[in-house]
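Let me begin by presenting the structure, written as structure tokens, before commenting on it.
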Amino acid sequence: MPLLEVKNLHVSYSARSGEVCPALAGVNFDLGPGEILGVLGESGSGKSTLAAALLRLLPSNGRIQKGLVLFEGKNLLEVSPQDLRKIRGGRIGLIFQEPSSSLHPTLQIGQQVSDVLAAHEYLARRALNEKTSQLLASVFPVDAERISRSYPHELSGGQRQRVLIAQAIACGPSLVVADEPTASLDPTTQKEILQLFGTLRQKLGLAMILITHNPALLAGLADRILVLYAGRVAEIGPAAKVLSSAQHPYTAALLRCLPTDFAEGQSARKTRLPVIPGEPPDLSLHDRGCQFEPRCTERMAVCQCDEPAVNAVGELHEVSCFKFAG
């Protein structure tokens with residue numbers, strides 16, 4: 001049985017004018033125990049909306065219209081608020097994009113990690129302190145005691161992100177959702193954080209959903225990649241296949257925009273980088289056809305009229321594109 005199954009998930013946002021704008025439309029995927037799924041796409045593709053919808057953390061104007069989110073056999077869209085609070089932080093950890101806004105500025109780091117434990121587990125003070133120390137040592141092999149006594153402003157961006165990771169794994173979850181966890185970090189620190197994710201997966205058996213706009217970050221870490229465009233799944237398949245031989249025109253265009261050859265580790269020549277022409281669509285105005293059609297270099301007449309169906313192009317590899325229809 002998969003750890004997580006998402007079926008036909010539809011999410012929309014309401015504007016002040018009353019207009020309803022779709023953000024996710026018919027998203028389907030599953031996640032096995034210990035598996036890392038990379039979620040890839042441009043800004044506005046629906047990645048963060050997906051993360052928020054899984055845990056019912058959408059803003060007040062967001063609404064899950066229909067679908068199923070089955071986690072460990074339970075539909076998270078139907079569980080009570082009390083049960084959902086136990087699952088959040090307990091069975092599912094969440095790592096936010098910007099650690100500076102996620103940590104309390106006037107509390108020491110050790111206190112902030114122990115507060116997560118105290119919210120989900122009944123531990124005596126001594127046991128709570130010991131477990132807090134162990135958690136910080138697992139993400140800070142050196143200088144964990146100093147980190148525990150520090151305040152967020154005394155730490156670097158990478159150190160603050162490690163604190164968020166400690167909070168996310170504090171209660172032994174089976175799934176961690178990481179929303180752009182390296183977006184504000186320099187390349188060296190990004191690499192360190194990704195290596196930490198790999199280590200934690202091996203030690204703890206964690207499954208992860210790693211959300212990013214950078215395909216290079218998923219190479220060598222993700223087992224599978226799900227590509228979102230305009231709230232729809234464009235492509236999903238084994239990471240090695242998607243990164244080496246992308247089938248959807250949008251995925252291929254994203255990979256062409258990389259500044260370096262991440263597959264071989266060689267620097268790109270000093271030439272102007274290719275870009276995807278056009279802009280992401282205004283979802284409130286789109287009424288029919290493929291969302292990517294206006295920007296696609298391989299578009300056909302049918303792309304303007306109909307929504308492409310999901311087509312299998314290999315083992316566990318699916319693409320929503322008319323190129324593979326029939």
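All heavy atoms count here, side chains included; hydrogens, waters and symmetry mates do not.
Here the closest non-hydrogen pair linking Ser114 and Thr132 is CB-OG1, 3.2 Å. Of all non-hydrogen atoms in Leu77 and Ala53, the two that sit nearest each other are CD2-O, 4.1 Å. Scanning all heavy atoms of the two residues, the minimum distance from Val177 to Ala51 falls at CG1-CB, 3.8 Å. Taking each heavy atom of Leu255 and Ala246 in turn, the nearest pair found is CD1-CB, 3.8 Å. Of all heavy-atom pairs between Val27 and Val6, the closest is O-CG1, 3.6 Å. Listed here is the closest heavy atom pair of Leu135 and Ile169: CD2-CG1, 3.9 Å.
Atom CD of Glu130 has more than 12 heavy atoms from other residues, nucleotides or ligands within 6.0 Å. No more than 12 heavy-atom neighbours from other residues, nucleotides or ligands sit within 6.0 angstrom of CD on Glu315. The environment of NZ in Lys241 is sparse: at most 12 heavy-atom neighbours from other residues, nucleotides or ligands sit within 6.0 Å.
Linking ILVMFWY side-chain heavy atoms closer than 4.5 Å, directly or via other members, places Val79 and Leu3 in two distinct hydrophobic clusters. Transitive grouping of hydrophobic side chains (ILVMFWY, heavy atoms separated by less than 4.5 Å) brings Leu54 and Leu228 into a common cluster. A continuous path of ILVMFWY side-chain contacts below 4.5 Å connects Ile225 to Leu258, so both sit in one hydrophobic cluster. Both Leu194 and Val242 are members of a single hydrophobic cluster when ILVMFWY side chains are connected at heavy-atom separations under 4.5 Å. Under a hydrophobic clustering in which Ile, Leu, Val, Met, Phe, Trp and Tyr are joined whenever their side-chain heavy atoms come within less than 4.5 Å, directly or via other members, Ile147 and Leu103 fall into the same cluster.
Using modelled atom types, no side-chain atom of Arg232 and backbone atom of Ser45 make a donor-acceptor pair closer than 3.5 Å. Proximity of a side-chain donor or acceptor of Asp30 to a complementary backbone N or O of Leu4 within less than 3.5 Å is not detected. When atom types are taken as modelled, the side chain of Gln291 and the backbone of Tyr229 share no donor-acceptor pair closer than 3.5 angstrom. Side-chain atoms of Ser320 never come within 3.5 Å of backbone atoms of Pro308 as a donor-acceptor pair (strictly under, hydrogens ignored). The backbone N or O of Val116 sits nowhere less than 3.5 Å from a side-chain atom of Gln167 that would complete a donor-acceptor pair. Checking side-chain atoms of Arg56 against main-chain N and O of Pro81 turns up no donor-acceptor pair under 3.5 Å. Remark: the backbone N or O of Asp179 is not paired with any side-chain donor or acceptor of Gln97 at under 3.5 angstrom. Checking side-chain atoms of Lys47 against main-chain N and O of Gly41 turns up a donor-acceptor pair under 3.5 Å. Side chain of Asn311 to main chain of Cys321: a donor-acceptor pair is present (N/O by atom type, distance under 3.5 Å, no hydrogens or angles). Put simply, the side chain of His10 gets close to the backbone of Gly26: a donor and an acceptor are under 3.5 Å apart.
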Please tabulate, for side-chain N and O atoms in residues 200-210, each donor-acceptor pair with protein atoms closer than 3.5 Å (sequence neighbours left out).
from: Arg201; atom 1: NH1; to: Gly34; atom 2: O; distance (Å): 2.8
from: Arg201; atom 1: NH1; to: Asp223; atom 2: OD2; distance (Å): 2.9

Which atom pairs, one a donor and one an acceptor, fall under 3.5 Å between side chains of residues 157-165 and the rest of the protein, sequence neighbours left out?
from: Gln159; atom 1: OE1; to: Ser156; atom 2: N; distance (Å): 2.9
from: Gln159; atom 1: OE1; to: Ser156; atom 2: OG; distance (Å): 3.4
from: Arg160; atom 1: NE; to: Ser100; atom 2: OG; distance (Å): 3.4
from: Arg160; atom 1: NH1; to: Pro152; atom 2: O; distance (Å): 3.1
from: Arg160; atom 1: NH1; to: Leu155; atom 2: O; distance (Å): 2.6
from: Arg160; atom 1: NH2; to: Ser100; atom 2: OG; distance (Å): 3.4
from: Gln161; atom 1: NE2; to: Pro181; atom 2: O; distance (Å): 2.5
from: Arg162; atom 1: NH1; to: Val139; atom 2: O; distance (Å): 2.6

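Residues Tyr250 and Ile276 meet the side-chain proximity criterion, which asks for heavy atoms closer than 4.5 Å. Residues Gln190 and Leu217 are in side-chain contact: their nearest non-hydrogen atoms beyond the backbone lie under 4.5 Å apart. Side-chain contact between Lys66 and Asn8 is present, with at least one heavy-atom pair separated by less than 4.5 Å. When side chains are defined from C-beta on, Lys131 counts as touching Glu121, because their heavy atoms get closer than 4.5 Å. For the pair Ile236/Leu316, no side-chain contact is recorded, criterion being any heavy-atom separation below 4.5 Å from C-beta on. Residues Phe197 and Ile95 have side chains in contact (heavy-atom distance under 4.5 Å, counting atoms from C-beta outward). Looking at Glu98 and Ser184, their side chains come closer than 4.5 Å, going by heavy atoms from C-beta outward.
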Step-by-step side chain to side chain contact (heavy atoms under 4.5 Å, CB included) determination, Leu226 to Leu40: CA-CA 6 Å; Leu226 181 152; Leu40 179 65; over 6 Å; no
Passes side chain to side chain contact (heavy atoms under 4.5 Å, CB included), Phe96 versus Ser101? Steps please. CA-CA 9 Å; Phe96 293 100; Ser101 59; over 6 Å; no
Side chain to side chain contact (heavy atoms under 4.5 Å, CB included) between Phe29 and Val233, intermediate numbers included: CA-CA 9 Å; Phe29 68 91; Val233 177; 5.8 Å; no
Test side chain to side chain contact (heavy atoms under 4.5 Å, CB included) on Thr49 and Tyr13; report intermediate values, then the result. CA-CA 10 Å; Thr49 293; Tyr13 292 104; 2.8 Å; yes
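Using cut-offs of 30° and 60° for the angle between ring planes, the Phe292 and His248 rings count as tilted.
Taking a cutoff of 4.0 Å between a charged side-chain nitrogen and a carboxylate oxygen, Arg295 and Glu42 qualify as a salt bridge.
How far OG1 of Thr182 is from CD1 of Ile211: 12.0 Å, rounded to the nearest 0.5 Å. With rounding to the nearest 0.5 angstrom, the CD atom of Glu293 is 11.5 Å from the CG atom of Asp306. Rounding to the nearest 0.5 Å gives a distance of 10.0 Å between CG of Leu24 and CD of Gln65. The OH atom of Tyr151 lies 10.0 Å from the CD1 atom of Ile109; values are rounded to the nearest 0.5 Å. Taking CG of Asp115 as the start and NE2 of His120 as the end, the distance is 11.0 Å to the nearest 0.5 Å. Note: Glu72 CD to Ile92 CD1 = 7.5 Å, rounded to the nearest 0.5 Å.
Considering only residues two or more places apart in sequence or on other chains, Lys323 meets the side chain to side chain donor-acceptor pair (under 3.5 Å) condition with Glu298.
In summary, of the residues considered (Arg224, Glu235, Gln247), a side chain to side chain donor-acceptor pair (under 3.5 Å) with His317 occurs for Glu235 alone.
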